[in-house]
Amino acid sequence: MTQLHGRHELMYGDIKLFAGTACPELAQEMAAHLGLELCGRDIIEFPNENLFIKLHKSVRGQDCYVIQTTSAPVHRNLMEMLILLQTLRLDSAARITAVVPYLCYARSDKKDQPRVPITARLVADMIEVAGADRYITMDLHAGQIQGFFSIPGDVMTAFHIQMDYLTQLKPSLHSPVVVTADLGFAKKGRNFAVGLDSPMAFIEKRRAANDSTAEALNIIGDIKGHDVIIVDDEVSTGSSMCQAVELLKSNGARDVYMVFVHAALTETGAKKLSELPVTQFITTNTIPIPPKLAAHFSDRLVVLSVADLLGEVICRANEGRSVGEMFNE
């Protein structure tokens, strides 16, 4: 548990933690790390699907944090967060931070064809307009999304948490090779390879349409006879990962370990992934995995918690201390 420092010099008052309904377990873990309780609020959905939120106590002059991941149901969770942000703003909170472990629409980050939106920019604008003074999030799909926000923020990564686990796992692996699911993740994949002192390979793929389908083309690098750690930021339908694993196994890979941050799994995706010859699926709790989906994987699913990391960032933000110092940066 983090011991909060003295507050006499703080500009924004005490920490007040509020959670939406999207990730209650993660919010409780973060509160426990800080030695605090989640603040009371009522969230009511009317028969017409309109949401109504009421705070149990005033937050005037306080430093407020709204913890809400924006996974499925995306639009319900997004609106819930926006309304909660505005509620805090109208109650005269001194500062409001949106804590969004998983940011929706992050893949819509550019106009890569005519007549399409940049929805990630729209989401950033809505968070700011709703009342957020700052934001905290995890492993954005593309770094340029930070530039869509006009408010300051902390974009954290689960890399160190995942690396701690993989470092413990490495002695049991046979000559491991780090593989990225596509060339776009190559830079982040390189960090894993350096951290594990392992060689690296890449899967070249081409997305064929505006849906989740993609065609895996070939492997750049040597994986024959090696255990493989395939890394990505987000897995949803599992189509790309299924093609990647099949390609790796057909080219002589031994055991395959799948590592990803955001488990945005669909029912079909979870079932498809669970049928793959993968030794372990290593992910985080930025998105809660329903028990029904987790059951597909049995004991092969490893969920690493980001609660302590996000809790520590909240503590440091409240006290005006560096977040980079956590990683010697």
Side-chain angles (χ1 to χ4, degrees), residues 1-2 4 15-41 43 53 63-85 88 96-106 123 127 132 134-141 153-165 233-236 259-266 270 281-295 297 301-318 323 326:
M1 182 179 74
T2 292
L4 300 178
I15 293 175
K16 299 295 181 184
L17 298 177
F18 289 87
T21 61
C23 53
E25 295 85 3
L26 175 57
Q28 286 286 0
E29 285 186 50
M30 292 167 62
H33 177 81
L34 291 164
L36 299 172
E37 297 289 335
L38 294 173
C39 294
R41 84 292 181 270
I43 300 179
I53 293 178
D63 192 14
C64 297
Y65 296 80
V66 174
I67 304 166
Q68 178 82 329
T69 204
T70 51
S71 55
V74 172
H75 304 120
R76 155 73 194 235
N77 289 335
L78 178 60
M79 280 303 301
E80 194 175 282
M81 176 179 66
L82 296 174
I83 296 171
L84 190 45
L85 289 170
L88 294 170
I96 304 168
T97 302
V99 184
V100 194
Y102 168 74
L103 185 67
C104 61
Y105 289 104
V123 171
I127 290 172
R134 300 177 62 257
Y135 70 94
I136 299 170
T137 191
M138 295 281 303
D139 285 286
L140 291 172
H141 179 65
D154 295 298
V155 179
M156 307 309 298
T157 177
F159 169 75
H160 301 283
I161 297 169
Q162 293 171 321
M163 270 302 306
D164 287 345
Y165 181 83
D233 60 341
E234 176 183 342
V235 173
S236 178
V259 180
F260 51 100
V261 179
H262 304 300
L265 297 171
T266 63
F281 299 86
I282 303 161
T283 187
T284 75
N285 60 347
T286 58
I287 297 173
I289 304 175
K292 182 180 178 182
L293 297 189
F297 301 95
L301 180 65
V302 177
V303 181
L304 307 174
S305 180
V306 299
D308 288 357
L309 171 62
L310 292 176
E312 183 64 23
V313 174
I314 288 173
C315 177
R316 288 171 176 264
N318 175 254
V323 171
M326 295 168 60

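The shown structure was predicted, so the numbers you read here are calculated from the model rather than taken from an experiment.
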* May I ask you to test the H141-H262 pair for a side-chain heavy-atom distance under 4.5 Å? => no
* To do: Answer whether the closest heavy-atom distance between the side chains of Y65 and L34 falls below 4.5 Å.
  => no
* Is I314 close to L17 at the side-chain level, that is, under 4.5 Å between some pair of heavy atoms? -> yes
* What do the steps show when you test E29 against L310 for side chain to side chain contact (heavy atoms under 4.5 Å, CB included), and what is the final call? -> CA-CA 10 Å; E29 285 186 50; L310 292 176; over 6 Å; no
* Structure fact -> I15 and C315 have their tightest heavy-atom pair at CD1-CA, 4.3 Å
* Asked: Is there side-chain contact between I287 and E234, with heavy atoms separated by less than 4.5 Å?
  -> no
* To do: Determine whether I289 and L301 make a side-chain contact, defined as any pair of heavy atoms from C-beta on separated by less than 4.5 Å.
  => yes
* Asked: Between F297 and L265, does a side chain to side chain contact (heavy atoms under 4.5 Å, CB included) hold up when you go through it step by step?
  -> CA-CA 12 Å; F297 301 95; L265 297 171; 4.0 Å; yes
* Asked: What's the spacing between Q28 CD and E37 CD if we round to 0.5 Å?
  -> 7.0 Å
Which atom pairs, donor and acceptor, lie under 3.5 Å between side-chain atoms of residues 75-85 and protein residues at least two apart or in another chain?
{"from": "H75", "atom 1": "NE2", "to": "Y105", "atom 2": "OH", "distance (Å)": "2.6"}
{"from": "R76", "atom 1": "NE", "to": "E80", "atom 2": "OE1", "distance (Å)": "2.9"}
{"from": "R76", "atom 1": "NH1", "to": "E45", "atom 2": "OE1", "distance (Å)": "2.4"}
{"from": "R76", "atom 1": "NH2", "to": "E80", "atom 2": "OE1", "distance (Å)": "2.8"}
{"from": "N77", "atom 1": "ND2", "to": "S71", "atom 2": "O", "distance (Å)": "2.8"}
{"from": "N77", "atom 1": "ND2", "to": "P73", "atom 2": "O", "distance (Å)": "3.3"}
{"from": "E80", "atom 1": "OE1", "to": "T21", "atom 2": "OG1", "distance (Å)": "2.9"}
{"from": "E80", "atom 1": "OE2", "to": "T21", "atom 2": "N", "distance (Å)": "2.5"}
{"from": "E80", "atom 1": "OE2", "to": "T21", "atom 2": "OG1", "distance (Å)": "3.0"}
{"from": "E80", "atom 1": "OE2", "to": "Q68", "atom 2": "NE2", "distance (Å)": "3.0"}

* Asked: Which is it for N285 and C23 under the side chain to side chain contact (heavy atoms under 4.5 Å, CB included) test, yes or no, and what are the steps along the way?
  -> CA-CA 9 Å; N285 60 347; C23 53; over 6 Å; no
* **Test item: Y102 and D139 side chains (from C-beta on) under 4.5 Å apart, heavy atoms** => no
* Picking from I136, L88, V100, what satisfies side chain to side chain contact (heavy atoms under 4.5 Å, CB included) with V66? -> L88
* Please name the pair of heavy atoms, one in R134 and one in A317, separated by the smallest distance, quoted to 0.1 Å. => NH1-CB, 3.7 Å
* Can you tell me how far the CE atom of M138 sits from the CG atom of D233, to the nearest 0.5 Å? -> 11.5 Å
* With side chains defined as the heavy atoms from C-beta onward, is the minimum distance between M326 and L309 less than 4.5 Å? -> yes
* Not counting sequence neighbours, which residues clear side-chain contact (heavy atoms from CB on, under 4.5 Å) with Q162? List them please. => A158, F192, V259, V261, T284, L304
* Candidate pair V123 and T70, rule side chain to side chain contact (heavy atoms under 4.5 Å, CB included), full reasoning -> CA-CA 11 Å; V123 171; T70 51; over 6 Å; no
* Asked: Would you say P24 and L38 make side-chain contact, with heavy atoms under 4.5 Å?
  -> no
